[in-house]
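What follows is a structure written as structure tokens; I'll ask about it next.
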Amino acid sequence: MTEQPLTDIEEHPLDPPTAAEDAPPAAPDVTTVRDAVAREAVLGALLDQIKAEYTTTRAHVQTLLDQQYKATGTTKVDALIPGGIKVGSISRMGGERAAQVTDEDTFRAWVRDTYPTEHIVEVVPVQILTSVQPGFVAKILAEVTAAGAARYADPATGEVHDVPGVELRPSRAAGHRMTYSRPSKTSALTGRDLVAQAWRESGLAAHVLPALAQAAPAQAAEDTAA
């Protein structure tokens, strides 16, 4: 009987694990951990402050944009930081209106009298429930929204109906969008870059976030003396 050759595993058996391989991973440097934790703590505190200021400022800007739009029709304003440097622009976005059933009983009665096949009557113990086919409700609301008035044009007869119990109401509030400048032939910096540069080189912090700005030299000296 011919002897079979050894396989690679049989010829080169795996070496047993060494003590170093069994040892737990080394703990990170204490200073590294402390610095990382401190960084997160500082950034978290700054983030909380900035988020609160941003929320308040955004609401204030929206109020001003709405007032300006009603007075002048203006929908776009340049964003200029101190020094007259343009970093972008803000555009006001108008809200939207959509049809809503505001009086269920009146609307249901109109459907019952005008489109009886779309009117549902359910008889359950002790009570009778009436409603309108959901698909028909969606159709009416879509037509009213598109028409911009509580009217429905019957595609079969061409008759235009005033739809009672339905009104056009705001479905989305007005808002605004900030667009930062892109690099151009005159400047290789984006609007965000310009903001960062101004933050480093000027008193932008005092203009935008007084609570996080460095104290003026005179004030700092007074605080130190106190």
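Numbers for residues simply follow the sequence, beginning at 1. Owing to the predicted nature of the structure, the values given are computational and were not obtained by experimental measurement.
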Spacing of OG1 belonging to Thr63 relative to CD belonging to Gln68, to within rounding of 0.5 Å: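 The CD atom of Gln68 is 12.5 Å from OG1 of Thr63, to the nearest 0.5 Å.
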Distance-only side-chain donor-acceptor flag, Asp154 / Tyr115, under 3.5 Å: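 Asp154 vs Tyr115: donor-acceptor pair found between side chains.
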Asp193-Thr190 side chain donor-acceptor pair, cut-off 3.5 Å: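 Yes, side-chain donor-acceptor contact under 3.5 Å.
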Shared hydrophobic cluster, Val77 / Val87 (ILVMFWY, side-chain heavy atoms < 4.5 Å):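 In one cluster with Val77: Val87, no.
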Glu143 side chain near Ile140 side chain, heavy-atom distance below 4.5 Å: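 Counting from C-beta outward, Glu143 and Ile140 never come under 4.5 Å.
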Least distance between heavy atoms, Val144 atom then Ala99 atom: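 Shortest heavy-atom contact: CG1-CB, 3.6 Å.
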N/O donor-acceptor pair under 3.5 Å between Thr57 side chain and Glu53 backbone: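 Yes: the side chain of Thr57 pairs with the backbone of Glu53.
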Pairwise distance OG1(Thr55) to NE2(His60) - rounded to 0.5 angstrom: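 Going from OG1 on Thr55 over to NE2 on His60, the span is 14.5 Å.
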Minimum-distance pair of heavy atoms, taken over all atoms of Thr102 and Val166: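 Answer, listing the atom of Thr102 first, then Val166: OG1-N, 4.1 Å.
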Gap separating the NZ atom of Lys51 from the CZ atom of Arg58, nearest 0.5 angstrom: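 Result: 14.5 Å between the selected atoms.
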Sub-4.5 Å side-chain heavy-atom contact between Phe107 and Val137: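 Of all side-chain heavy-atom pairs linking Val137 with Phe107, at least one is under 4.5 Å.
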Single-linkage hydrophobic cluster, 4.5 Å side-chain cutoff, Ile120 and Val132 together: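 No, no single cluster joins them.
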Heavy-atom donor-acceptor pair, Asp29 side chain to Thr31 backbone, under 3.5 Å: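 Yes, Asp29 side chain to Thr31 backbone: donor-acceptor pair under 3.5 Å.
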Nearest-0.5 Å distance that lies between atom OG in Ser89 and atom CE in Met178: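 Between atom OG of Ser89 and atom CE of Met178 there are 6.5 Å.
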Single-linkage hydrophobic cluster Ile85~Leu209, side-chain heavy atoms < 4.5 angstrom: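 Yes: a chain of side-chain contacts under 4.5 Å links Ile85 to Leu209.
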Validation row: Val37, Arg34 side chains within 4.5 angstrom (heavy atoms):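 When only atoms from C-beta onward are counted, Arg34 and Val37 do not touch, as no gap falls below 4.5 Å.
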Partner set under side-chain hydrogen bond (donor to acceptor under 3.5 Å, both in side chains) for Tyr69, not counting sequence neighbours: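 Expected list: none.
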Shared hydrophobic cluster, Val195 / Ile90 (ILVMFWY, side-chain heavy atoms < 4.5 Å):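 Different clusters: Val195 never reaches Ile90 through Ile, Leu, Val, Met, Phe, Trp or Tyr contacts under 4.5 Å.
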Separation of Thr114 OG1 from Glu159 CD (nearest 0.5 Å):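 If we round to the nearest 0.5 Å, Glu159:CD and Thr114:OG1 are 8.0 Å apart.
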Closest heavy-atom pair and its distance - Lys86, Leu194: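 Closest approach of Lys86 to Leu194: O-CD1, 3.6 Å.
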Nearest-0.5 Å distance that lies between atom CZ in Arg92 and atom CG in Asp66: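 So the gap between those two atoms works out to 4.5 Å.
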Arg108/Asp105 ion pair, N-O < 4.0 Å: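 Salt bridge present between Arg108 and Asp105.
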Expected output: side-chain Thr32 to main-chain Pro28 donor-acceptor under 3.5 Å: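 Checking the backbone N and O of Pro28 against the side chain of Thr32, no donor-acceptor pair under 3.5 Å is found.
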Min side-chain heavy-atom separation Ile128-Glu122 under 4.5 Å: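 The answer is no, as the side chains (C-beta and beyond) never meet within the 4.5 Å cut-off.
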Nearest non-hydrogen partners of Pro164 and Thr106, listed with the distance: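 For Pro164 and Thr106, the tightest heavy-atom pair comes out as CB-CG2, 3.4 Å.
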Flag side-chain contact, heavy atom, 4.5 Å: Arg177 against Thr179: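 When only atoms from C-beta onward are counted, Thr179 and Arg177 do touch, with a gap below 4.5 Å.
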